[in-house]
Amino acid sequence: MSRDHTQSAEPAEPAEPAADSAEAPFLELLARGASADAYEQPVLLARAEGRPPERVAALEQAKLLALRVRSEMEGRRRREAELSALFETAHDLAGLRDLDAVLQAIVQRARSLLGTDVAYLSLNDEGRGDTYMRVTEGSVAARFQQLRLGMGEGLGGLVAQTARPYVTDDYFKDERFQHTRTIDAGVRDEGLVAILGVPLMIGPQVIGVLFAADRRARVFEREQIALLGSFAALAAAAIDTANWLTETRSALDRLGRANEIIRDRSGVIERASDVHDRLAELVLRGGGVHDVAAAVSEVLDGTVEFTESGAAPAAALETSRAEGHAVRHGYDWVAAVAAGGELLGALVLRGHPGLDPVDQRTLERAAMVTSLLLLARRSASEAEQRVRGELLDDLLDARDRDPRLLRERAARLRADLDGTHVVLAARLEAPAADADQEAAARRRLWSAASHLATTRHGLAAARDGGTVLLLPLRPGDTATDLARRTAKHLGTAVHEKVTVGASAPVEQLVQQLATRPGAVAAAYAEGQRCLDALRLLGRAGDGAAAEDFGFLGLLLAGDRDISGFVDRTVGQVVAYDERRGTDLLRTLDAYFACGMSPARTKDDLHVHVNTVAQRLERVGRLLGDDWQSPARALEVQLALRLHRLSSTAPH
């Protein structure tokens, strides 16, 4: 950035660029993919040139924003690369019949994505009772490549024995596993320091271990452990498929008695190959779980359906998940769709009791592909929900007031911030047994609110122990109607009472934010006051808006004993009506509404004036002779209003 100088005695002040140009140098750094260190240069240069503090502060803020964008972009690129590698490996599994090629591809991609020096895979030898190196990538030591590990020996032997992932930052200083001279010598030859190992499993059985290792100290993050676990699942499936193909070929060789049997077996194998190809194509073109069910239905000549875990037979589903195989249930077959111990649903083959082993494996492979698709869809959905929450957080904290940028961010989420909106505060009412259950309940509420916001083209975020939503208000709708519908929808989704307080409608939201940055925060505070009022009035699980309470909303904000006040003020009248079936409360309401005129009250109630007088006399005996004094009358009217509000049931 150049500076102009003059020959005058006093140096001229440098011309300041427009405020909105602070982002320009950082946009250029983002465009060329500069390193994080490069983002300090514009700020350092501005300080060195003696720029005004306002300019330096603007650059600092722009730098932080640019680093956030860079981090998000890198995260998205990394997740995209991971998903792409998983899909490519799944395609290899469906398209290749060479086990060595598939396993080599898995360790190569694992090493590349985790950025490690070495990746390798070992398999268990049931005959010898140990585990041995099967495939390596990046290894240079011959002794290391020929290692055999006894069960429980070394980190790999511990993983193979316990069926659990293990990670060490420094192998030779880690005393959790048994060191042996042979294993330590091989590891020392290879120069490995940090090692991560995850089990290869077919159902509940461990068949080997997949490793990623570095020649320097390193901490493996949770996401990297999960990614290596996904590759391990694919490697186990590849080995299982290869074993299955080997078994099939051996059976065909032994059974080569007649052309009819051979043709029949060939037809089965062709169907299996066909379904593998179809499933691989579905994965690559982004098909859904119902597309997988339709493809398998056609191949197996039956009806295959994907069901939620709650709709499938519980015993058969649990057996399938535990054994890792499809199981028969009456005239149906059930294959659990699971990932990482989480049950996602089931594939059910209807009315097909006679299923041969090959077709059974086909159903199981379809269940595995279905789990991959569900995980991929969930990852994309969670990313979109986080972006929606970030935008709403920015609106609540008034971080961004540029109408153009707000519209662009909202448009990417298919939301329109120019219309009339309502801010809703939602909170669960059921008490949790412990902190873990409470956190899980809040996650369920946030997930349900995010789904509702997505379908309604709105926004949702977790906040203050509950959830806040920004939803558009449809023509002819009211904030109260929207609050009640939202409370009912969220309560049904999480199977618990959810109370929802709504703000008054906020019109032309984007324009308001330009002049009133705190508009969304103020509306949220109003929704919270309504929520607190509902809870104080004993209307948990209901929804209401600011328009329902009027000035009472201000009185109800805070911790007030509403029920105690009502009981102390008009409790005897309420109890009398409940015991005797009288209308004293209704008469009191009408009496105050008619300006405390008995004549007008009898017209309003359509009774004789003597009846009104008798009822008011009864009220006087219950409440005391001074109940019509100005101070007491005000308290009685307020208590009547609060009692009426607390007794209002949702429509």
Any side-chain donor near an acceptor of the partner, Thr131 and Asn124, under 3.5 Å: yes
pair Ile183-Leu149: side-chain heavy atoms closer than 4.5 Å: yes
Arg218 and Asp170 ion-paired at < 4.0 Å: no
Qualifying salt bridge (Lys or Arg N to Asp or Glu O under 4.0 Å) pairs, either residue in residues 148-159, two or more places apart: Asp125-Arg148, Asp130-Arg148
Trp446 versus Ala462, closest heavy-atom pair with distance: CD1-N, 3.5 Å
Heavy-atom side-chain proximity of Leu192 to Phe144 below 4.5 angstrom: yes
Close side-chain approach of Val198 and Val209, heavy atoms under 4.5 Å: no
Test item: Arg111 side-chain N/O and Asp117 main-chain N/O as donor-acceptor pair under 3.5 Å: yes
CE on Met133 to CD on Gln146, rounded to 0.5 Å: 10.5 Å
Distance-only donor-acceptor check, side chains Gln145 and Thr136, under 3.5 Å: no
Check: Gly208 main-chain N/O paired with Ser122 side-chain donor or acceptor under 3.5 Å: no
His179 and Tyr171 aromatic ring geometry - parallel, tilted or perpendicular at 30°/60° bounds: perpendicular
Counterpart residues, side-chain contact (heavy atoms from CB on, under 4.5 Å), relative to Arg188 (two or more places apart): Phe172, Asp184
Worked check of side chain to side chain contact (heavy atoms under 4.5 Å, CB included) between Leu200 and Leu123: CA-CA 8 Å; Leu200 302 173; Leu123 292 180; 4.1 Å; yes
No-hydrogen, no-angle side-chain donor-acceptor test under 3.5 Å, Glu323 and Gln205: no
Step-by-step salt bridge (charged side-chain N to carboxylate O under 4.0 Å, His left out) determination, Glu60 to Arg47: CA-CA 11 Å; Glu60 281 283 1; Arg47 287 177 176 151; 2.9 Å; yes
Nearest atoms (heavy-atom pairs only) where Gln178 meets Gly152: CB-O, 3.6 Å
Basic-acidic side-chain contact under 4.0 Å: Glu190, Arg143: no
Minimal non-hydrogen separation, Ala335 against Leu363, with atom names: CB-CG, 4.0 Å
Heavy-atom pair of closest approach, residues Val193 and Asp169: CG1-O, 3.6 Å
Thr162 side chain to Leu158 backbone, donor-acceptor under 3.5 Å: yes
CA sep, side-chain torsions, deciding dist, call: Leu210, Phe231, side chain to side chain contact (heavy atoms under 4.5 Å, CB included): CA-CA 8 Å; Leu210 178 61; Phe231 278 115; 3.8 Å; yes
Side chain to side chain contact (heavy atoms under 4.5 Å, CB included) evaluation trace for Arg164 with Val159: CA-CA 5 Å; Arg164 294 174 55 193; Val159 174; over 6 Å; no
Flag if over 12 foreign heavy atoms under 6.0 Å of CZ, Arg176: yes
Check: Ser112 side chain, Gln108 main-chain N or O, donor-acceptor pair, under 3.5 Å: no
Test item: Gln224 side-chain N/O and Glu221 main-chain N/O as donor-acceptor pair under 3.5 Å: yes
Side chain to side chain donor-acceptor pair (under 3.5 Å) pairs, two or more places apart, involving residues 34-43: Glu40-Lys63
Main-chain N/O of Ala226 paired with Ser230 side-chain donor or acceptor, under 3.5 Å: yes
Atom CZ of Arg215: over 12 foreign heavy atoms under 6.0 Å: yes
Main-chain N/O of Ala315 paired to Thr319 side chain as donor or acceptor, under 3.5 Å: yes
Nearest atoms (heavy-atom pairs only) where Val56 meets Ala46: CG2-CB, 4.3 Å
